[in-house]
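Input: a single structure, listed below in structure tokens.
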Amino acid sequence: MGSQLLSTVERREVLPVSYIRPESDRPRLAEVTTDSNIPLIDLASPDKQRVIAEIGLACRTYGFFQVINHGIEGELLEKMMAVGLQFFRLPPEEKEKLYSDEPSKKIRLSTSFNVRKETVHNWRDYLRLHCHPLEEFLPEWPSNPESFKEIASEYCREVRRLGLRLLGMISLSLGLEEDYIEKALGEQEQHMAVNYYPQCPEPELTYGLPKHTDPNALTVLLQDPSVAGLQVLKDGGRWIAVNPRPNAFVINLGDQLQALSNGAYKSVWHRAVVNAAQERMSVASFLCPCNSAVISPAAGLVRDGDAPVYRSYTYDEYYNKFWSRNLDQEHCLEFFRYAPQLQ
């Protein structure tokens with residue numbers, strides 16, 4: 001089955017038919033614009049109230065932001081990207097050991113998104129790793145490259161610390177207690193996707209990942225510093241490119257923060273496009289509620305007499321629904337919208 005991996009095949013001259021999107025669902029790269037106002041937040045600023053206000057504004061208007069001076073050494077970011085690329089360049093027989101198309105498997109190498117259900121594939125291979133608690137999952141992580149476990153585990157610890165810090169600031173920006181969101185999500189799971197997007201012969205015809213929102217709470221994304229690929233959807237249906245910044249992270253709000261904020265903050269639609277000239281890497285780290293966590297809008301954000309936007313549900317219920325669909329179908333939160341007439 002590992003033969004399905006794009007990273008095991010020599011560069012192709014023509015895009016295989018199974019990756020070609022219908023005419024109505026192509027990236028239209030010439031129409032993508034840039035936005036000089038993408039929120040960029042300096043976490044080392046001494047004005048903490050201003051930082052919290054900037055985060056709140058970004059969450060309301062964009063659904064994502066970039067952070068700099070976040071406390072994670074640039075050298076570690078470089079090592080994480082380098083060892084990820086080394087992994088995807090391993091011989092096919094090495095990668096075959098980790099291949100699986102079973103979405104529930106906690107440590108696996110796969111391709112596209114959900115090859116069991118989708119009708120058109122995505123131009124991506126990825127290594128999916130559960131990361132918390134580390135001591136539980138680390139023994140099953142790849143041992144090749146030799147330095148992978150050491151580098152990736154340090155990276156995961158640092159990213160988790162940053163993610164929990166950001167959740168505290170997002171709580172404060174909503175007018176909630178600093179630890180409200182962290183408590184509401186329970187003992188948060190953490191997992192990571194090391195994404196590899198090979199050179200693509202016809203990038204106008206396919207995606208690395210089509211538009212989607214993230215089902216988790218918060219995503220901390222490390223972009224390839226030299227190759228752009230992330231695009232987000234702005235109001236009005238306009239796609240904007242999020243070009244990489246040195247030593248910066250892109251912070252995406254996931255569906256659970258949209259629900260907890262009662263719809264005030266947005267889980268951003270985003271996609272990954274591919275490149276004809278260069279391969280591209282990214283490392284996405286996800287902070288997720290524990291499966292039994294009951295997600296519902298914070299009581300303080302529901303006006304007196306108003307019904308909440310979303311009903312209560314467990315994260316396990318949500319995650320199972322998310323994986324039962326194609327990635328680019330309607331927003332999964334729509335299935336959890338509060339409908340009084342159905343109660």
Side-chain angles (χ1 to χ4, degrees), residues 52-53 55-65 103-104 113-114 117 163-164 166-189 191 210-219 232-237 251-271 286-343:
I52 290 166
I55 287 175
L57 180 60
C59 291
R60 283 193 301 275
T61 57
Y62 279 79
F64 79 102
F65 50 93
S104 65
F113 172 71
N114 189 347
K117 289 187 175 294
L164 294 175
L166 289 168
L167 286 178
M169 290 189 279
I170 292 169
S171 278
L172 290 170
S173 74
L174 285 164
L176 302 170
E177 295 292 324
E178 185 171 4
D179 62 355
Y180 179 89
I181 292 177
E182 185 174 346
K183 284 183 174 179
L185 300 178
E187 180 59 29
Q188 290 173 67
E189 292 193 5
H191 50 98
K211 74 169 187 175
H212 63 285
T213 61
D214 289 341
N216 51 290
L218 196 72
T219 300
V232 301
L233 188 63
K234 279 285 287 173
D235 293 340
I251 310 300
N252 280 1
L253 269 64
D255 295 349
Q256 308 318 311
L257 289 188
Q258 181 168 323
L260 283 167
S261 71
N262 202 37
Y265 288 178
K266 305 302 180 187
S267 177
V268 66
W269 286 98
H270 56 287
R271 66 187 188 183
F286 309 100
L287 288 185
C288 313
C290 66
N291 284 341
S292 61
V294 177
I295 308 297
S296 61
L301 302 178
V302 180
R303 295 178 181 176
D304 291 342
D306 288 348
V309 176
Y310 303 105
R311 69 170 175 85
S312 296
Y313 56 86
T314 64
Y315 184 60
D316 187 54
E317 180 185 3
Y318 192 92
Y319 200 66
N320 288 335
K321 183 67 175 177
F322 182 86
W323 275 97
S324 71
R325 307 153 54 251
N326 284 336
L327 188 62
D328 53 353
Q329 287 180 299
E330 70 272 41
H331 201 307
C332 192
L333 264 179
E334 290 301 307
F335 295 100
F336 299 88
R337 187 174 286 274
Y338 184 70
Q341 70 274 18
L342 300 181
Q343 303 301 308

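Please read all numbers here as calculations on a predicted model, not as lab measurements.
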Under 3.5 Å, is there a donor-acceptor pair between the side chain of Asn262 and the main chain of Pro297?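 Answer holds: no.
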Side chain of His191, backbone of Glu189: donor and acceptor closer than 3.5 Å?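 The answer is no, because no donor-acceptor pair under 3.5 Å joins these two groups.
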With Lys266 as the cation and Tyr62 as the aromatic partner, state whether NZ or CZ is under 6.0 Å from the six-membered ring centre and within 45° of the axis.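 Verdict for Tyr62: no cation-pi partner in Lys266.
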Would you give the length of the straight line joining atom [atom1] of [X] to atom [atom2] of [Y], rounded to the nearest 0.5 angstrom?
X	Y	atom1	atom2	answer
Leu166	Ser171	CG	OG	11.0 Å
Met169	Leu174	CE	CG	13.0 Å
Ile295	Asp316	CD1	CG	11.5 Å

For the pair Lys321 and Glu334, find out whether any cationic side-chain nitrogen is under 4.0 Å from an anionic carboxylate oxygen.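 Judged by the 4.0 Å cut-off on N to carboxylate O distance, Lys321 and Glu334 do not form a salt bridge.
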For residues Ser296 and Leu260, report the shortest heavy-atom separation together with the two atoms involved.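 Where Ser296 meets Leu260 most closely, the heavy atoms are O-CD2, 3.3 Å.
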So which heavy atom on Leu185 is nearest to which on Ala217, and how close?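 Looking at all heavy atoms of both residues, the shortest contact is CD1-CB, 3.7 Å.
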With sequence neighbours excluded, what pairs up with Tyr318 under the ring-ring contact (aromatic ring centres under 6.0 Å, His included) test?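 Residues passing ring-ring contact (aromatic ring centres under 6.0 Å, His included) with Tyr318: Tyr313, Phe336.
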ring-ring contact (aromatic ring centres under 6.0 Å, His included) with Tyr310: which residues, sequence neighbours excluded?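 Listed in chain order: nothing, the list is empty.
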Please list, chain by chain and in numerical order, all residues satisfying side chain to side chain donor-acceptor pair (under 3.5 Å) with [X], sequence neighbours excluded.
X	value
Ser267	Asp255
Ser104	Glu102
Ser173	Tyr265

Just do the side-chain contact (heavy atoms from CB on, under 4.5 Å) check on Val309 and Tyr338 with the steps written out, would you? CA-CA 5 Å; Val309 176; Tyr338 184 70; over 6 Å; no
Minimum side-chain heavy-atom gap His270-Asp214 below 4.5 Å: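 SC-SC contact between His270 and Asp214 confirmed.
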Side chains of Ile170 and Leu218, heavy atoms from C-beta outward: is any pair under 4.5 Å?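 Sidechains of Leu218 and Ile170: in contact.
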Table please: side-chain donor-acceptor pairs of residues 176-184 below 3.5 Å, with sequence neighbours left out.
unit_1 : atom_1 : unit_2 : atom_2 : d
Asp179 : OD2    : Lys183 : NZ     : 3.1

Take Gln256 and Asn216, measure what side-chain contact (heavy atoms from CB on, under 4.5 Å) needs, and give me the verdict at the end. CA-CA 6 Å; Gln256 308 318 311; Asn216 51 290; 5.7 Å; no
